[in-house]
Amino acid sequence: MALVLLVGAGLLIRSFQRLNAADLGFDPEGVLTVSLALPGTRFTDGAERITYYHTLLERLEGIPGVVAAGATNSLPLAANDGDVDFVIEGEAPPEAPDANVAWIRRVTRGYFTTMGIRLIDGRDFELRDDAAADRVVIVNETLARRYYDYPRRNPVGTRVAIGTGDDPTWRTIAGIARDTRHFNIRDGTRPAMYFPCQQVPSMAMTMVLRTDGDPLDLAADARAAVSAIDPALAASSVAPLTDFVETTLATDRFVTSLLGAFALLALVLAAVGLYGVVSYGVSLRMREMGIRLALGAGGADVRRLVVGVGLGLTVAGATLGIAGALALTRFLEALLYDIPVTDPVTFVVMAAVLTGVALLASWVPARRAGNVDPVMILREE
């Protein structure tokens, strides 16, 4: 039973390590997030929203310690916004359910630089991409590969239209951005489009500030910048982006810690139980040990005998434990990331840990048995 729990905990630990090391597509270190939503009763016009966020970005960029700033209506891993159908110019719209689908996000200039999202082709959004300019869009790698077979065919410069209406609004693909995890770390990437906020304004935005120190050191200045433009407004949340990433791992961390604690407890109980069984067996065989020593056996021979008993129990238990783990760990499959439920490394390491602890538990009574005085034992008998 201890080995079953140990293997389960080992699988979760290795899975959690891989989750922590997964490529997010962006760099959360040193980034401060400032979330706020404009009241619809006051900011009814899209131009007013654009002006407010543009002014706020300029103020935030002026804070000492801010290296870069941008904004988005949907942070990576937030799973906000929705998907849209789109058509590619020059291609017939595919029939459902094979429609071209992409998740949309609205971002400002500087967003990709601030988040550490690399543009692998084309250009970033610029100030000139305003409401009066030609409509543009940036797509991610997954969309470029799935619908354009990139890099064989480069989508930069081609046009797409959202929806399948009779009078579509065409948008020119200005660039291709690196994939990011949008829903959670476990999910693979999906086709995505980024719209410039100046052309598709949003009521709620999250400002992102890349800093040259601890992001929380700039939290007060960031809140002050929001209030300075409009005292009636306040940021709903100011927090490091790393906190946001950690929140997505909270469930995995809790499950791993819980099963790990149970596994550690089971290991201790197994060691104590084995120590008790071997010690009791030694106490029953003390006369035998004394006779062996009196007839010339060495202390090392007696110790090997006792340890062999404990090792035999351990091997038998470990064999059953491996069989049980193979049968039960399949229920953990939904919790694991990038690791099979039959991971041989985990099974071997955990079996070795249990064996090592069992040998230690057997060594204590074995050492006592090997150091007995045969004359005293035989006299007592």
Peer 1: How far does OG1 of Thr248 sit from CG of Leu19, to the nearest 0.5 angstrom?
Peer 2: 8.5 Å

Peer 1: State which residues pass side chain to side chain donor-acceptor pair (under 3.5 Å) with Asp301; sequence neighbours excluded, sorted by chain then number.
Peer 2: Arg304

Peer 1: Roughly how far apart are Arg178 CZ and Leu24 CG, rounded to 0.5 Å?
Peer 2: 9.0 Å

Peer 1: Would you check if Glu91 and Tyr147 make a side-chain contact, meaning some heavy-atom pair closer than 4.5 Å?
Peer 2: no

Peer 1: Has Asp179 got a side-chain atom pairing as donor or acceptor with Thr142's backbone, closer than 3.5 angstrom?
Peer 2: yes

Peer 1: Quick one: CG on Leu233 to CZ on Arg223, what's the gap to the nearest 0.5 Å?
Peer 2: 13.5 Å

Peer 1: Any heavy-atom pair between the side chains of Leu12 and Val255 that's under 4.5 Å?
Peer 2: yes

Peer 1: Mark yes when over 12 heavy atoms from residues, nucleotides or ligands other than Phe244 sit less than 6.0 Å from its CZ; otherwise mark no.
Peer 2: yes

Peer 1: What's the spacing between Asp217 CG and Ile63 CD1 if we round to 0.5 Å?
Peer 2: 12.0 Å

Peer 1: For Val4 and Thr329: C-alpha separation, side-chain torsions, deciding distance, then whether side-chain contact (heavy atoms from CB on, under 4.5 Å) applies.
Peer 2: CA-CA 8 Å; Val4 171; Thr329 51; 5.7 Å; no

Peer 1: Kindly indicate whether the side chain of Arg49, heavy atoms from C-beta on, has any atom under 4.5 Å from the side chain of Met203.
Peer 2: yes

Peer 1: Which pair of heavy atoms, one from Leu143 and one from Ala102, lies closest together, and at what distance?
Peer 2: CD1-CB, 3.7 Å

Peer 1: Taking only Lys NZ, Arg NE, NH1 and NH2, and the carboxylate oxygens of Asp or Glu, determine whether Arg253 and Glu246 approach each other closer than 4.0 Å.
Peer 2: yes

Peer 1: Side chains of Asp85 and Asn100: do they bring a donor and an acceptor to under 3.5 Å?
Peer 2: no

Peer 1: To check you understand the geometry: which heavy-atom pair defines the closest contact between Ala271 and Val357, and what is its length?
Peer 2: CB-CG1, 3.4 Å

Peer 1: Would you please classify the geometry between the Phe125 ring and the Phe112 ring as parallel, tilted or perpendicular, with 30° and 60° separating the classes?
Peer 2: tilted

Peer 1: Do any N or O atoms from the side chain of Thr44 and from the backbone of Thr41 form a donor-acceptor pair under 3.5 angstrom?
Peer 2: no

Peer 1: Between Asp83 and Arg190, does any side-chain N to carboxylate O distance fall below 4.0 Å?
Peer 2: no

Peer 1: Below 4.5 Å, heavy atoms only, C-beta onward: do Leu326 and Phe347 meet side chain to side chain?
Peer 2: yes

Peer 1: Going hydrophobic residue to hydrophobic residue with side-chain gaps under 4.5 angstrom, can you get from Val107 over to Met205?
Peer 2: no

Peer 1: Of all the heavy-atom pairs spanning Ile173 and Tyr148, show the shortest one and how long it is.
Peer 2: CD1-OH, 3.5 Å

Peer 1: Examine distances only and state if a side-chain atom of Ser202 and a backbone atom of Ala204 form a donor-acceptor pair shorter than 3.5 Å.
Peer 2: yes

Peer 1: Going from OG on Ser257 to CD1 on Ile13, what distance comes out if it is rounded to the nearest 0.5 angstrom?
Peer 2: 8.5 Å

Peer 1: For Ala327, is there any backbone N or O sitting under 3.5 Å from a side-chain donor or acceptor partner on Arg330?
Peer 2: yes

Peer 1: Identify the heavy atoms of Ala358 and Thr314 that sit nearest to each other, and give their distance.
Peer 2: CB-OG1, 3.0 Å

Peer 1: Is it the case that Thr72 and Tyr194 place a side-chain donor and acceptor less than 3.5 Å from each other?
Peer 2: no

Peer 1: Using modelled atom types only, decide if a donor and an acceptor are shared between the side chain of Asp149 and the backbone of Arg152 within a distance under 3.5 Å.
Peer 2: no

Peer 1: Is the shortest side-chain heavy-atom distance between Ile176 and Leu119 below 4.5 Å?
Peer 2: no

Peer 1: Step by step, work out the side-chain hydrogen bond (donor to acceptor under 3.5 Å, both in side chains) result for Tyr150 and Asp121.
Peer 2: CA-CA 11 Å; Tyr150 180 81; Asp121 211 328; 3.3 Å; yes

Peer 1: Show your reasoning for whether side-chain contact (heavy atoms from CB on, under 4.5 Å) applies to Val226 and Arg59.
Peer 2: CA-CA 9 Å; Val226 174; Arg59 282 185 174 270; over 6 Å; no

Peer 1: For a salt bridge (Lys or Arg N to Asp or Glu O under 4.0 Å) with Asp129, tell me which candidate from Arg135, Arg123, Arg171 qualifies.
Peer 2: Arg123

Peer 1: If we only count heavy atoms from C-beta on, is the Ile88 to Thr158 side-chain gap below 4.5 Å?
Peer 2: no

Peer 1: Walk me through it: do Val136 and Phe195 pass the test side-chain contact (heavy atoms from CB on, under 4.5 Å)?
Peer 2: CA-CA 7 Å; Val136 291; Phe195 294 160; over 6 Å; no

Peer 1: For Trp103 and His182, take the angle between the two ring planes, folded into 0 to 90°, and tell me which bin it lands in: parallel under 30, tilted 30 to 60, perpendicular over 60.
Peer 2: tilted

Peer 1: Under 6.0 Å from the CG atom of Asp134, do we count more than 12 heavy atoms belonging to anything else shown?
Peer 2: no

Peer 1: Donor-acceptor pair, distance only, cut-off 3.5 Å: does the side chain of Ser15 make one with the backbone of Tyr337?
Peer 2: yes

Peer 1: Flag yes if Phe254 and Leu249 sit in one hydrophobic cluster, no otherwise; membership is Ile, Leu, Val, Met, Phe, Trp, Tyr, and two members link when side-chain heavy atoms are under 4.5 Å apart.
Peer 2: no

Peer 1: Please check: side-chain N/O of Thr211 versus main-chain N/O of Gly213, any donor-acceptor pairing under 3.5 Å?
Peer 2: yes

Peer 1: What I'd like to find out is whether the side chain of Leu335 reaches to under 4.5 Å of the side chain of Thr256, using heavy atoms alone.
Peer 2: no

Peer 1: Please determine whether residues Val238 and Val66 belong to a single hydrophobic cluster, defined as Ile, Leu, Val, Met, Phe, Trp and Tyr linked transitively by side-chain heavy-atom distances below 4.5 Å.
Peer 2: yes

Peer 1: For Val160 and Glu89, what are the C-alpha separation, side-chain angles and deciding distance, and is it a side-chain contact (heavy atoms from CB on, under 4.5 Å)?
Peer 2: CA-CA 6 Å; Val160 295; Glu89 188 176 28; over 6 Å; no

Peer 1: For atom CE of Met1, is the number of surrounding heavy atoms from other residues, nucleotides or ligands below 6.0 Å larger than 12?
Peer 2: no

Peer 1: Does a side-chain heavy-atom distance below 4.5 Å link Leu32 with Val208?
Peer 2: no

Peer 1: Should the heavy atoms of other residues, nucleotides or ligands under 6.0 Å from CD of Glu333 be counted, would the total exceed 12?
Peer 2: no

Peer 1: If two hydrophobic side chains count as joined below 4.5 Å and joins carry through other members, does Leu3 share a cluster with Leu259?
Peer 2: yes

Peer 1: Side chains of Thr189 and Arg181 only: does a donor on one sit below 3.5 Å from an acceptor on the other?
Peer 2: no

Peer 1: Checking salt bridge (Lys or Arg N to Asp or Glu O under 4.0 Å) between Arg14 and each of Asp343, Asp252, Asp338, which is the one that passes?
Peer 2: Asp343

Peer 1: Provide the closest heavy-atom pair for Ala133 versus Gln199 in the form atom of the first, atom of the second, distance.
Peer 2: O-NE2, 4.0 Å

Peer 1: Holding to side-chain contact (heavy atoms from CB on, under 4.5 Å), I want the full list of residues that pass it with Val84, two or more places apart in sequence or in another chain.
Peer 2: Ile104, Ile162

Peer 1: Is a side-chain N or O of Arg210 found less than 3.5 angstrom from the main chain of Gly30, in a donor-acceptor match?
Peer 2: no

Peer 1: Would you compute the distance between atom OG1 of Thr242 and atom CG of Leu216 and round it to the nearest 0.5 angstrom?
Peer 2: 8.0 Å

Peer 1: Any chain of hydrophobic side-chain contacts (each under 4.5 Å) joining Leu241 to Ile117?
Peer 2: yes

Peer 1: With a 3.5 Å distance limit and no angle check, can you tell me whether Gln198 reaches the backbone of Ile50 through a side-chain donor-acceptor pair?
Peer 2: no

Peer 1: Please check if the side chain of Ser236 supplies one atom and the backbone of Ser35 the other of a donor-acceptor pair under 3.5 Å.
Peer 2: yes

Peer 1: Could you please spell out the steps behind the salt bridge (charged side-chain N to carboxylate O under 4.0 Å, His left out) verdict for Glu61 and Arg109?
Peer 2: CA-CA 12 Å; Glu61 286 174 328; Arg109 61 174 179 84; 3.5 Å; yes

Peer 1: On a heavy-atom basis, which atom in Val245 and which in Pro28 lie closest, and how many Å separate them?
Peer 2: CG2-CB, 4.0 Å

